[in-house]
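Since the structure comes first, as structure tokens, the remarks are kept for the end.
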Amino acid sequence: MATVIRRSTREDLFRVFQLVRKSNLHRLPLAARQRGFFPVWGGQEPYYGYLMEDAGEIVGCLGTLHTRREIRGQLEEFCEIYGWYVKPAYRNQSLNLLMPVIGQRRNKTIVLLTGSGPVYELCKKFGFKDLETALTLFFPLPTQARSVEIVTEPWRVAEYLEGADLRIFHDHKDVPCIHLVLLPRDEPGGRPIYAVMKTMRRRWFEHFGRVLYVNDPGRFAALLGAVCWRLCARFHWFFMVGSAHDFAGTRPTTYTRRMARPIPTQFLSNRVQAADIPWLYSQPLLMGYPLH
């Protein structure tokens, strides 16, 4: 079978949607899939991934999101891989979709947050490193009597933010996330604790809250005994989850458990380190993938 690899443009949106909707590849609605065909967060590349064609029929696709982020004062280029699917008859040519992305490694940091087991092992052979390897679970036990105001109304949250936090809020105000500010009443005048969270699920009946960003992990962890159970009750979560790396060295005031990720997320870069890569600027998050 003679196939052709080419860049994916906005005109390919519906044909890509038709290809993946019959697969097991996160059956997102067309409106959500459409978000992958528009530039966001400083990205200026005129294409949105790569396609495999056979006689004009799309038989495989690999989505990419190109963004620019300021890392330690420098503007860095990122390319995130997502939505890699090839029809079974063409699986032996799947690597042809990945190689053009890997070819960008000199100038960009390549990120993969949604890989499967086989994809993880494959990318490891190409030099990808582990990004997130473990999670910390926070359980809703009321172990503190501290009084904390929890602000979740978006118009009020923005009033407490400035600088980088305010930019994050505006970058994600149309993304299905929960923005909240914690105001400990025993710290009048203290910096508001800002967090971005997302409701996810491990099983269909087991919802949890994923901490995607917090501006002060130490103070946030110190308040969990007073607010974790309240947040879980408000949003119907069984527990809360954060990256173990983000909360390393903190002292959570509620019961916690460390859990290794079955499949670590990955990145490939000669420019930035794992700790520099924020979860917030992720295409799966933007589109509504069940990102854990």
Side-chain angles (χ1 to χ4, degrees), residues 3-68 78-91 93-94 96-98 100-101 110-116 119 154 168-179 196-205 207-210 212 235 263 265 279-292:
T3 59
V4 175
I5 304 297
R6 67 171 177 86
R7 289 179 172 182
S8 176
T9 66
R10 194 171 300 168
E11 288 72 25
D12 297 310
L13 165 62
F14 190 68
R15 295 173 68 199
V16 170
F17 173 71
Q18 288 181 311
L19 173 69
V20 300
R21 70 175 178 173
K22 296 179 181 180
S23 72
N24 292 320
L25 185 69
H26 307 308
R27 299 172 184 175
L28 300 175
L30 179 60
R33 184 71 60 184
Q34 188 174 12
R35 298 296 296 270
F37 284 79
F38 286 87
V40 292
W41 299 320
Q44 297 182 6
E45 298 286 3
Y47 65 97
Y48 306 95
Y50 293 90
L51 301 178
M52 181 187 298
E53 287 187 331
D54 184 1
E57 177 191 0
I58 296 178
V59 296
C61 62
L62 183 149
T64 58
L65 171 71
H66 300 272
T67 59
R68 289 181 177 178
F78 285 77
C79 174
E80 182 177 7
I81 300 171
Y82 74 97
W84 189 3
Y85 174 73
V86 179
K87 284 187 173 182
Y90 298 84
R91 295 275 166 84
Q93 302 181 57
S94 296
N96 294 338
L97 288 169
L98 180 64
V101 180
I110 303 170
V111 182
L112 176 61
L113 302 184
T114 57
S116 63
V119 171
I168 287 173
F169 174 83
H170 285 299
D171 283 348
H172 296 82
K173 60 187 177 184
D174 66 336
V175 178
C177 294
I178 299 166
H179 300 263
V196 182
M197 303 190 65
K198 185 175 178 65
T199 297
M200 299 182 180
R201 64 186 183 186
R202 186 163 61 173
R203 290 171 286 186
W204 69 267
F205 60 87
H207 294 77
F208 62 91
R210 177 64 149 97
L212 298 169
F235 296 109
I263 304 172
T265 57
W279 280 88
L280 275 174
Y281 293 86
S282 164
Q283 183 66 294
L285 172 67
L286 184 71
M287 295 171 68
Y289 274 60
L291 179 66
H292 293 180

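What you see is a predicted model; the values in this text were computed from it and never measured. Residue indices begin at 1 and follow the sequence shown.
- Taking both residues in full, the closest heavy atoms of D171 and W41 are given as O-NE1, 3.3 Å, listed atom of the first, atom of the second, then distance.
- Atoms CG and CG, from L97 and L51 in turn, are 8.0 Å apart once rounded to the nearest 0.5 Å.
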Could you go step by step and tell me if V59 and Q93 meet the side chain to side chain contact (heavy atoms under 4.5 Å, CB included) rule? CA-CA 11 Å; V59 296; Q93 302 181 57; over 6 Å; no

For Y50 and R6, run side chain to side chain contact (heavy atoms under 4.5 Å, CB included): C-alpha distance rounded to whole Å, both residues' side-chain angles, the deciding distance at 0.1 Å, then the answer. CA-CA 6 Å; Y50 293 90; R6 67 171 177 86; over 6 Å; no

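- To the nearest 0.5 Å, atoms CD1 (I168) and NZ (K173) are separated by 14.0 Å.
- Rounded to the nearest 0.5 angstrom, T114 OG1 and W84 CH2 are separated by 11.0 Å.
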Can you list the steps and then say if M52 with D54 is a side chain to side chain contact (heavy atoms under 4.5 Å, CB included)? CA-CA 7 Å; M52 181 187 298; D54 184 1; over 6 Å; no

Where do Q34 and F17 land on the side chain to side chain contact (heavy atoms under 4.5 Å, CB included) test, with the steps shown first? CA-CA 9 Å; Q34 188 174 12; F17 173 71; over 6 Å; no

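- Of all non-hydrogen atoms in C61 and V20, the two that sit nearest each other are SG-CG1, 3.7 Å.
- Annotation for H172 and L280: closest pair NE2-O, 2.9 Å, computed over non-hydrogen atoms.
- Interatomic distance, I110 CD1 to T64 OG1, rounded to the nearest 0.5 Å: 10.0 Å.
- A tilted orientation is assigned to the rings of Y48 and F37, their planes being inclined by 30° to 60°.
- At a threshold of 4.5 Å between non-hydrogen side-chain atoms, the residues P176 and K198 count as touching.
- A salt bridge (Lys or Arg N to Asp or Glu O under 4.0 Å) check over residues 78-87, counting only residues at least two apart or in different chains, returns the pairs E57-K87.
- Atom OH of residue Y85 and atom CZ of residue R91 lie 5.5 Å apart, to the nearest 0.5 angstrom.
- The minimum heavy-atom distance linking C79 with H66 is given by the pair SG-CE1, 3.6 Å.
- When side chains are defined from C-beta on, F14 counts as touching L30, because their heavy atoms get closer than 4.5 Å.
- Between L98 and I81 there is a side-chain heavy-atom pair separated by less than 4.5 Å.
- Annotation: the span from R68 atom CZ to F78 atom CZ amounts to 12.5 Å, rounded to 0.5 Å.
- The minimum heavy-atom distance between L65 and S282, with the atom names listed, is CD2-C, 4.2 Å.
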